Structure formats: structure tokens, C-alpha cells
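Report on one structure; see the data block that follows.
Heads up: numbering here begins at 1 and tracks the sequence. Every value quoted in this text rests on a predicted model; they were computed, and no experiment measured them.
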Amino acid sequence: VQLQAFGGGLVQTGGSLRLSCAGSGRSFANLAMGWFRRAPEKEREFVVQVDWSGKYTYYEDSVKGRFTISRDKASNTVYLQMNNLKPEDTAVYYCVAGPTYARSRSTKFPYWGQGTLVTVSS
């Protein structure tokens, strides 16, 4: 089972990026998917998750209104549209998947991708 994230890069404050994450090795249609991030010299933190249907989402407060998660079940892909980016969004972003969706940043995800770096310059 693999999750591979794409779309990171360098962007100026206020800019936008769209991350993609493609799953392979099994069907992800019945799994919740989401994103975590780790900023330099900080702990890893939850960003957002979406349930298997794509209907329910849960965002970390700091990204609400700026980030949007979506998924395409047919292609095992989850997306993260990031708008109005800030320097504090600079981090390696990790795609995750797991059997449980919950409105909690403590939800456990057994499947993790390798991450893609997002750098927001001030």
C-alpha cells in the first residue's frame, strides 16, 4: 500500500497551492483520508480529514476557510487546495488514510505517504 503526495513547492504569502495524493496497492474507497504536516523544528500536527464518502470533513482551526479537502474515489486520490497561504503554513505535508473518520485531530491513520514540502515566503 502506497500513498504518494505531489504538488508542494515555493509560494509567496497569500498565494495558493494544490496538493494531490494518489493511493495504490488497494482500494481507498472505504477509507477516510487526510493530511498532516510537520513544520521545521515543530511537532507533527493534524490538518484535515475527509470521510470515505467525501461528504464530511474536519479541519484544524488554523486552516479553516483557507484550505479545502476533496477526494476522487474512482482514482484513489485526495486533494488539498490551499489558499491565502501564510509563512506558518511552511511544512512537509503528509497524506494519510485509515478506516476511521472522526471529528478529532487525534484520529489514527495507519497509512502514511512520504510527504511533500510546502514553503511559503514572506
Is there a donor-acceptor contact under 3.5 Å from the side chain of [X] to the main chain of [Y]?
X: Ser20; Y: Tyr79; result: no
X: Thr90; Y: Val120; result: yes
X: Thr77; Y: Ser75; result: yes

Practice prompt. Decide whether Phe109 and Val50 are clustered together by the hydrophobic rule: side chain heavy atoms of Ile, Leu, Val, Met, Phe, Trp, Tyr closer than 4.5 Å, transitively.
Written response: no
Fill in: In one Ile/Leu/Val/Met/Phe/Trp/Tyr side-chain cluster, 4.5 Å: Tyr59, Val47
yes
Discussion item. Just checking Trp112: does its CH2 atom have more than 12 heavy atoms from other residues, nucleotides or ligands closer to it than 6.0 angstrom?
Written reply: yes
Item to complete: Might you confirm whether atom CD of Gln2 has over 12 heavy atoms from other residues, nucleotides or ligands at distances under 6.0 Å?
Response: no
Item to complete: Tell me, with the steps shown, if Asp61 and Lys64 meet salt bridge (Lys or Arg N to Asp or Glu O under 4.0 Å).
Response: CA-CA 5 Å; Asp61 286 345; Lys64 278 182 186 175; 3.1 Å; yes
Rounded distance [0.5 Å steps], [atom1] in [X] versus [atom2] in [Y]:
X: Leu80; Y: Thr68; atom1: CG; atom2: OG1; answer: 8.0 Å
X: Tyr93; Y: Phe67; atom1: OH; atom2: CZ; answer: 4.0 Å
X: Trp52; Y: Lys73; atom1: CH2; atom2: NZ; answer: 4.5 Å
X: Cys21; Y: Phe28; atom1: SG; atom2: CZ; answer: 7.5 Å
X: Ser122; Y: Gln12; atom1: OG; atom2: CD; answer: 9.5 Å
X: Arg66; Y: Ser16; atom1: CZ; atom2: OG; answer: 10.5 Å

Worksheet item: Among Arg44, Gln49, Arg105, which residue meets the side-chain contact (heavy atoms from CB on, under 4.5 Å) test with Phe36?
Response: Arg44
Fill in: Sole residue of Asp51, Val48, Leu3 in side-chain contact (heavy atoms from CB on, under 4.5 Å) with Met33
Leu3
State, yes or no, whether a side-chain contact exists between [X] and [Y] at a heavy-atom distance under 4.5 Å.
X: Arg26; Y: Leu31; result: yes
X: Gln4; Y: Gln114; result: no
X: Val96; Y: Thr107; result: no
X: Trp35; Y: Val78; result: yes
X: Met82; Y: Val63; result: no
X: Pro110; Y: Pro99; result: yes

Worksheet item: Between Tyr101 and Tyr58, is the ring centre distance below 6.0 Å?
Response: no
Provide the closest heavy-atom pair for [X] versus [Y] in the form atom of the first, atom of the second, distance.
X: Ser62; Y: Arg37; value: OG-NH2, 3.5 Å
X: Leu17; Y: Leu85; value: N-CD1, 3.9 Å
X: Asn76; Y: Ala29; value: OD1-N, 4.0 Å
X: Tyr94; Y: Gly113; value: CD2-O, 3.5 Å

